[in-house]
Amino acid sequence: MPALHIEHLDRNTYLSSVAAIADPYTRRFADMSLQWWDRHFSWKAHGCTVLCNTDDEHLCYLFYKIDRYGDYITFHNIFTPDLYRRQGYARTLLGMVFMLAVARHVSRFRITSISRALDFYLPLGFAYWGVNSEGDYYCDLPLPQQGLEGLGAMITESDTATLIGPAADFIEKKTGGTETRLSPEQTRIYEADIRKMGRRFMHDDFLAFS
């Protein structure tokens, strides 16, 4: 068995797994993720993916969904129990799932990032078209054929039209004018975040394209 591998958990095995999480913050996030998945998706179609070591300890959890046409993979919640943080497990799990999507010939991926998650996603190469109505940053890009490792180079080397592809209408629906409807507190966070993202915040590029 490889040193690190992934397994897929159904609802019951997920419940058993997260019951062993000691730190309360991660446990609350795990419970929230369960409730969200219960409301929006079927566990019979797809559950949670977990990164494991040779002792079958569960190191990091990821909820994602590939659509019925195989066009998009959408990443939802990812979390690592405190005991296993700062060891690169979230990046490893994302990279493995990116490569699974490449093997299935998925065309694009989507993810929304909250403000405090940007410090994790930006070094991995993620870039954002704008902010949605909840104040989260919206990423909708082609799936790099090299997987997660090819993301940064793809964004640097591709023009805006290639990155947007067929998703212009959906990007507009998610991000169009939403920055003007943020609360004062959301606006303060938004302005700090766009300075942090720099060229990885591509809202102006999208507006120029559209």
If you count the non-hydrogen atoms of other residues, nucleotides and ligands that lie under 6.0 Å from [atom1] in [X], is the total more than 12?
X	atom1	value
Asp169	CG	no
Arg39	CZ	yes
His40	NE2	yes

Check the pair Thr49 / Leu9 against side chain to side chain contact (heavy atoms under 4.5 Å, CB included), numbers first and verdict last. CA-CA 6 Å; Thr49 298; Leu9 307 180; over 6 Å; no
Does the cation-pi check pass for Arg200 over Tyr128, that is, NZ or CZ under 6.0 Å from the six-membered ring centre and within 45° of its axis? no
Does NZ or CZ of Arg110 lie under 6.0 Å from the centre of the six-membered ring of Phe170, at an angle within 45° of the ring axis? yes
Please give me the minimum heavy-atom distance between [X] and [Y], naming the atom from each residue.
X	Y	result
Thr26	Pro81	CG2-CA, 3.7 Å
Leu4	Met96	O-CE, 3.6 Å
Met202	Ala127	CE-CB, 3.7 Å
Arg108	Leu163	NH2-O, 2.9 Å

Do [X] and [Y] touch side chain to side chain, with heavy atoms closer than 4.5 Å?
X	Y	answer
Ile73	Val97	yes
Arg86	Thr80	no
Ser133	Arg181	no
Phe109	Thr74	no
Ile164	Ile171	yes
Phe126	Tyr137	no

Could you tell me if the ring centre of [X] sits under 6.0 Å from that of [Y]?
X	Y	value
His203	Trp129	no
Phe29	Tyr61	no
Phe206	Phe201	no

If Ile, Leu, Val, Met, Phe, Trp and Tyr residues are connected whenever their side-chain heavy atoms lie under 4.5 Å apart, and connections chain through other members, are [X] and [Y] in the same group?
X	Y	result
Val50	Leu100	no
Tyr25	Ile114	no
Ile21	Ile78	no

Residue from Phe41, Tyr14, Phe75, Trp36 passing ring-ring contact (aromatic ring centres under 6.0 Å, His included) with Phe63: Tyr14
Inter-residue atom distance Asp140.CG - Thr112.OG1, 0.5 Å rounding: 11.5 Å
How long is the gap from CG on Leu51 to OH on Tyr84, to the nearest 0.5 Å? 11.0 Å
Any salt bridge linking Arg85 with Asp23? Criterion: basic side-chain nitrogen under 4.0 Å from a carboxylate oxygen. yes
With Tyr89 via ring pair (Phe, Tyr, Trp, His ring centres under 6.0 Å) - residues at least two apart: none
All ring pair (Phe, Tyr, Trp, His ring centres under 6.0 Å) counterparts of Tyr64, not counting sequence neighbours: His46
What do the steps show when you test Asp119 against Lys196 for salt bridge (Lys or Arg N to Asp or Glu O under 4.0 Å), and what is the final call? CA-CA 9 Å; Asp119 288 340; Lys196 175 189 292 187; 3.1 Å; yes
